[in-house]
Amino acid sequence: MNNNENKTDAGVASVTEQPRENGVVETPNAKVVVSAPTKQKKVKAEKSYEPSYSDDEKKQLQTITKVCEDEIARIILDDNIGAVPYADETNCIIDLRKIHDRLYSPLINRTHGSDQAKTGETLRMFGAQHILLVLTVPMAKAAGLLPGRFSNDPQKDKPVEDDGFVLLDGNGRINYLMAVPKEQWPAIFAVFPSKDACGMYNLNKSFDIINTQVSVWKTQDMVQKRLLMDSGKAHPGWNEIQSLIQKGYKYQAACQLVTLETDRIKKEAVTGGDAKNVFRHFESAMKIKNKLVEVFGEDTDTLKTKEFTKEISSIWNRLQVRYADETATTYFLEFINKHLTPEIVESIKKAKSEKNGIKKDERRKKILNEEFFTYKGSKGIQLN
């Protein structure tokens with residue numbers, strides 16, 4: 001008997017050394033089917049969204065949380081306020097018109113400029129479109145968010161009362177309304193903040209997040225607003241820009257392709273400009289843009305970034321000044337067809353920046369201008 005086999009009482013060999021793979025092991029007395037050990041899949045730990053607090057922070061937040069819970073319960077039971085509870089009475093909606101004379105602002109807060117009047121007037125014209133966040137004075141004091149009166153409050157010389165409310169956001173709007181008779185206030189509502197993932201009220205963090213973690217609309221975002229405001233009457237140019245942005249085009253490149261101008265459409269023009277003027281070259285732009293996409297494709301950054309498309313607009317504008325839109329566009333389309341051959345297009349698309357030398361965009365523009373110079377000479381085109 002060799003060392004790898006041991007006789008059992010039944011006369012069947014047992015294998016003490018296990019093979020690494022599934023299979024059949026033959027012994028002098030039997031065939032033994034052996035299974036390889038199964039590999040255990042690693043289970044990725046689920047991400048925790050609970051904030052990490054020290055023991056001292058937890059103790060402080062527990063105290064604040066108790067104050068908040070008691071205050072919210074008190075407000076819900078106050079018939080004079082008429083709050084509407086929700087979320088199993090852990091929060092409530094408050095009509096700020098009913099407590100207009102006891103609204104306060106955190107002493108530590110940013111000041112508002114001309115935007116306050118614009119926002120306030122829009123509020124009165126079109127109504128309050130989202131709910132604000134408030135604290136009671138005891139809640140604010142517990143968190144160290146000391147309250148003060150609004151600068152437009154007719155009672156600004158009087159002390160802050162403990163039965164008042166402190167705005168976490170919308171301070172500019174409420175300051176504006178403080179100078180307006182209550183009877184002229186639009187319906188404007190507020191709720192209390194929510195608890196964090198640990199089940200505690202971290203009011204200071206809430207104040208920080210709602211006032212700093214805000215993504216300001218860029219000019220390109222205003223295009224969506226223009227489409228919304230103009231509704232079915234929106235100029236197709238706005239839709240074209242939005243479509244290009246969604247395909248990965250940079251905003252300025254999209255504007256240049258759709259307008260044949262050498263810069264982006266500025267915010268003032270997007271929000272209130274005359275679309276007929278903004279897109280005065282739209283017909284020509286679409287012909288040229290479509291041809292460029294046909295030639296260059298959309299699998300490259302050539303048309304999606306601003307420098308090359310700016311040069312396209314610059315060349316077309318020189319033609320337009322001399323020959324007007326229609327003829328300038330005819331010339332430019334002919335130039336693309338005859339001179340931007342597959343080989344030239346490939347050299348433009350594959351252009352690379354040299355270390356301490358000419359940049360990719362400059363190389364692309366150089367190739368484009370060399371080809372246009374050749375075309376211009378062959379046609380006898382005279383430009384200023």
Side-chain angles (χ1 to χ4, degrees), residues 45-111 128-150 153 158-175 177-178 187-215:
E46 187 175 346
K47 182 178 178 179
S48 173
Y49 291 94
E50 291 188 358
S52 178
Y53 296 130
S54 67
D55 290 341
D56 287 342
E57 287 173 327
K58 286 180 181 177
K59 186 176 180 180
Q60 181 184 19
L61 289 175
Q62 286 168 353
T63 300
I64 294 172
T65 298
K66 180 65 168 62
V67 172
C68 292
E69 290 173 344
D70 290 346
E71 283 294 287
I72 293 172
R74 177 179 69 83
I75 296 303
I76 290 174
L77 294 174
D78 191 333
D79 293 335
N80 294 320
I81 295 174
V84 179
Y86 69 95
D88 295 327
E89 298 194 351
T90 60
N91 210 328
C92 58
I93 301 172
I94 302 169
D95 185 339
L96 295 185
R97 294 173 297 182
K98 293 185 177 181
I99 54 172
H100 75 287
D101 57 344
R102 40 183 167 146
L103 293 175
Y104 308 118
S105 175
L107 289 176
I108 300 175
N109 197 12
R110 73 182 182 95
T111 57
Q129 299 304 320
H130 72 85
I131 290 177
L132 303 181
L133 288 176
V134 294
L135 307 173
T136 64
V137 169
M139 290 167 68
K141 287 182 176 179
L145 295 170
L146 299 180
R149 291 206 178 253
F150 286 98
D153 188 344
K158 293 184 178 181
V160 170
E161 302 293 341
D162 280 342
D163 65 346
F165 296 80
V166 184
L167 272 295
L168 279 189
D169 67 335
N171 282 274
R173 277 160 279 183
I174 297 302
N175 191 39
L177 289 175
M178 282 292 180
I188 183 166
F189 300 93
V191 297
F192 292 107
S194 300
K195 290 181 176 179
D196 65 14
C198 291
M200 293 190 286
Y201 287 103
N202 189 340
L203 303 180
N204 300 78
K205 192 63 179 177
S206 299
F207 182 67
D208 170 40
I209 290 171
I210 64 176
N211 284 290
T212 62
Q213 301 300 314
V214 178
S215 179

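These numbers were taken from a predicted model, which means no experiment stands behind them. Residue numbers run from 1 in the order of the sequence given.
In this structure a side-chain-to-backbone donor-acceptor pair under 3.5 Å is present from Arg149 to Pro159. Arg102 places a side-chain N or O within 3.5 Å of a backbone atom of Asp163 that can act as its donor or acceptor partner. Of the possible polar contacts, none joining the Asp88 side chain to the Thr90 backbone as a donor-acceptor pair under 3.5 Å is found. Counting only distance, with no hydrogens or angles, the side chain of Asp95 and the backbone of Ala187 share no donor-acceptor pair below 3.5 Å.
Between Cys198 and Glu50, the shortest heavy-atom contact is SG-CB, 3.7 Å. Closest heavy-atom contact between Phe165 and Val134: CD2-CG2, 4.4 Å. Smallest separation of non-hydrogen atoms from Met200 and Leu61: SD-CB, 3.7 Å. When all heavy atoms are compared, the tightest approach of Ser206 to Leu168 is CB-CD1, 4.5 Å. Considering all non-hydrogen atoms of both residues, Leu107 and Gly148 come closest at CD2-CA, 3.6 Å. What you find for Leu132 and Gly170 is that their closest heavy atoms are CD2-CA, 4.0 Å.
Atom CG in Leu177 sits 9.5 Å away from atom CZ in Phe150 (nearest 0.5 Å). Separation of atoms CD1 (Ile94) and CD1 (Ile188) is listed at 12.5 Å; rounding is to 0.5 Å. For the atom pair CD1 (Ile99) and CD1 (Ile75), the distance works out to 7.5 Å, reported to the nearest 0.5 Å. Remark: Ser52 OG to Glu57 CD distance equals 8.0 Å, nearest 0.5 Å. We find the CE-CG distance between Met178 and Asp101 to be 8.0 Å, quoted to the nearest 0.5 Å.
Under the 4.5 Å side-chain criterion, counting only non-hydrogen atoms from C-beta, Ser105 is not in contact with Asp153. When side chains are defined from C-beta on, Tyr53 counts as touching Asn202, because their heavy atoms get closer than 4.5 Å. You'll find the side chain of Leu96 reaches within 4.5 Å of the side chain of Leu103, heavy atoms only. You'll find the side chain of Leu133 reaches within 4.5 Å of the side chain of Val191, heavy atoms only. Taking 4.5 Å as the limit, every side-chain heavy atom of Val160 sits out of range of all side-chain heavy atoms of Leu146.
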message = Would Leu135 and Leu203 count as a side-chain contact (heavy atoms from CB on, under 4.5 Å) here? Give the steps.
response = CA-CA 9 Å; Leu135 307 173; Leu203 303 180; 3.8 Å; yes
task = For the pair Asp169 and His130, evaluate side-chain contact (heavy atoms from CB on, under 4.5 Å) and give the outcome as yes or no after the intermediate values.
result = CA-CA 11 Å; Asp169 67 335; His130 72 85; 4.2 Å; yes
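Applying the side-chain contact (heavy atoms from CB on, under 4.5 Å) rule to Ile72 yields the partners Ile76, Phe192, Tyr201; only residues at least two apart in sequence or on another chain are considered. Residues passing the salt bridge (charged side-chain N to carboxylate O under 4.0 Å, His left out) test with Asp70 are Lys66, sequence neighbours excluded. Gln129 meets the side-chain contact (heavy atoms from CB on, under 4.5 Å) test with no other residue; sequence neighbours excluded.
Crowding of Glu89 atom CD: a count of heavy atoms from other residues, nucleotides or ligands under 6.0 Å not exceeding 12.
A salt bridge links Asp162 with Lys141; the closest basic N to acidic carboxylate O contact falls under 4.0 Å.
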